[in-house]
Amino acid sequence: MDERGMLAVAVEEARAGLAEGGIPIGAALFDANGTLLGRGHNRRVQDGDASTHGETAAFRAAGRRASYRDTIMVTTLSPCWYCSGLVRQFGIPRVVIGEATTFSGGHDWLAEHGVGITILDDPECVGLMTDFIEARPELWFEDIGEDIGKD
């Protein structure tokens with residue numbers, strides 16, 4: 001499966017999260033051959049759990065592995081510091097990002113530490129987040145740990 005095909009799985013997850021009343025961020029973890037290991041979406045709102053981001057949900061769904069050094073994390077949005085830490089902690093060597101226009105998380109830091117980063121600048125991912133931020137700014141700022149309207 002190519003990067004766009006992998007991103008399509010994450011976008012499906014983002015759309016599922018939005019349909020549930022949550023934040024439209026989806027992710028999927030694949031092995032180096034493109035086999036899907038786990039997928040998930042941000043469920044902070046639905047579960048009342050601030051730690052359930054798209055990347056953590058996909059990681060958990062993949063289950064326990066002895067090593068993650070042959071995996072690719074695919075996410076619709078640049079990973080926040082929390083999710084960037086997960087990538088570093090478990091040695092995930094590559095992250096494919098749908099977009100980093102609406103939010104630029106820790107992907108530069110990951111790249112500085114040897115993680116391969118690909119940003120696809122996907123218009124659908126940008127549109128999902130732009131529309132969501134406009135419609136639900138209070139949830140967005142809660143998700144990124146900032147007070148609404150903070151400069």
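Since the model is a prediction, treat every value here as computed from it, not as a measurement.
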Next on the checklist: Is there a side chain to side chain contact (heavy atoms under 4.5 Å, CB included) between Trp109 and Arg88? Walk through the geometry before answering.
Outcome noted: CA-CA 10 Å; Trp109 175 75; Arg88 285 284 321 274; 3.3 Å; yes
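- Ser78 places a side-chain N or O within 3.5 Å of a backbone atom of Gly105 that can act as its donor or acceptor partner.
- For Arg4, the salt bridge (Lys or Arg N to Asp or Glu O under 4.0 Å) test picks out Asp122, with sequence neighbours left out.
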Item to check | Check against side chain to side chain contact (heavy atoms under 4.5 Å, CB included), Glu142 and Arg44 | outcome: CA-CA 10 Å; Glu142 175 189 323; Arg44 296 181 80 249; 3.3 Å; yes
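- Counting heavy atoms from C-beta on, the side chains of Glu55 and Tyr82 never come closer than 4.5 Å.
- Distance CZ/Arg39 to CE/Met6: 13.5 Å, rounded to 0.5 Å.
- The side-chain hydrogen bond (donor to acceptor under 3.5 Å, both in side chains) test applied to Ser67 returns no partner, not counting sequence neighbours.
- Here the closest heavy-atom approach between residue Ala10 and residue Val74 is recorded as CB-O, 4.0 Å.
- Of all heavy-atom pairs between Ile117 and Ala111, the closest is CG1-CB, 3.9 Å.
- Put simply, Leu36 and Val11 are part of the same group of oily side chains (I, L, V, M, F, W, Y) that touch within less than 4.5 Å, one to the next.
- Counting only heavy atoms from C-beta outward, the side chains of Val95 and Thr75 approach each other to under 4.5 Å.
- In this structure, CG in Asn42 is found 6.0 Å from NE2 in His53, a value given to the nearest 0.5 Å.
- Of all heavy-atom pairs spanning Ala57 and Thr52, the tightest one is CB-CG2, 4.4 Å.
- Here Arg60 contributes atom CZ and Leu86 contributes atom CG; the two are 9.0 Å apart, rounded to the nearest 0.5 Å.
- Under a hydrophobic clustering in which Ile, Leu, Val, Met, Phe, Trp and Tyr are joined whenever their side-chain heavy atoms come within less than 4.5 Å, directly or via other members, Leu37 and Val87 fall into the same cluster.
- Under a hydrophobic clustering in which Ile, Leu, Val, Met, Phe, Trp and Tyr are joined whenever their side-chain heavy atoms come within less than 4.5 Å, directly or via other members, Val9 and Ile97 fall into different clusters.
- Residues passing the side-chain hydrogen bond (donor to acceptor under 3.5 Å, both in side chains) test with Thr130: none are found, sequence neighbours excluded.
- Annotation for Pro79 and Ser84: closest pair O-OG, 3.3 Å, computed over non-hydrogen atoms.
- Legend: residues meeting salt bridge (Lys or Arg N to Asp or Glu O under 4.0 Å) with Arg65, ordered by chain and number and at least two apart, are Asp70.
- Residues Arg69 and Gly91 share a closest heavy-atom pair of NH1-CA, 2.9 Å.
- Here the closest non-hydrogen pair linking Pro93 and Tyr68 is CD-O, 3.6 Å.
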Next on the checklist: Using the rule given for side chain to side chain donor-acceptor pair (under 3.5 Å), can you reason through Glu12 versus His41, listing the C-alpha separation, both sets of side-chain angles and the distance that settles it, and then say yes or no?
Outcome noted: CA-CA 9 Å; Glu12 285 177 16; His41 53 272; over 6 Å; no
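- Met73 and Leu7 fall into different hydrophobic clusters, where Ile, Leu, Val, Met, Phe, Trp and Tyr side chains are chained together by heavy-atom contacts under 4.5 Å.
- Ring geometry for Phe59 versus Phe90: interplanar angle of 30 to 60°, hence tilted.
- For Arg136, the side-chain hydrogen bond (donor to acceptor under 3.5 Å, both in side chains) criterion is met by Glu138, not counting sequence neighbours.
- Within the 3.5 Å criterion, the main-chain N or O of Ser51 finds a donor-acceptor partner in the side chain of Thr56.
- No path of Ile, Leu, Val, Met, Phe, Trp and Tyr side chains, each step under 4.5 Å between heavy atoms, connects Trp81 with Phe103, placing them in separate hydrophobic clusters.
- Residues Val126 and Asp121 fail the side-chain proximity criterion, which asks for heavy atoms closer than 4.5 Å.
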When the side chains of residues 25-32 are checked against the rest of the protein, which donor-acceptor pairs come out under 3.5 Å, sequence neighbours left out?
residue, atom, partner, partner atom, Å
Asp31, OD1, Asn33, N, 2.8
Asp31, OD1, Gly34, N, 3.1
Asp31, OD1, Thr35, N, 2.9

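- Side-chain contact check for Glu3 versus Arg94: some heavy-atom pair is nearer than 4.5 Å.
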Item to check | Evaluation steps, salt bridge (charged side-chain N to carboxylate O under 4.0 Å, His left out), between Glu124 and Arg15 | outcome: CA-CA 11 Å; Glu124 184 175 8; Arg15 291 198 172 284; 2.8 Å; yes
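- Partner of Leu77 under the side-chain contact (heavy atoms from CB on, under 4.5 Å) criterion, chosen from Thr101, Ile23, Thr102, Leu128: Thr102.
- Between Glu99 atom CD and Leu120 atom CG the span is 11.0 Å, to the nearest 0.5 Å.
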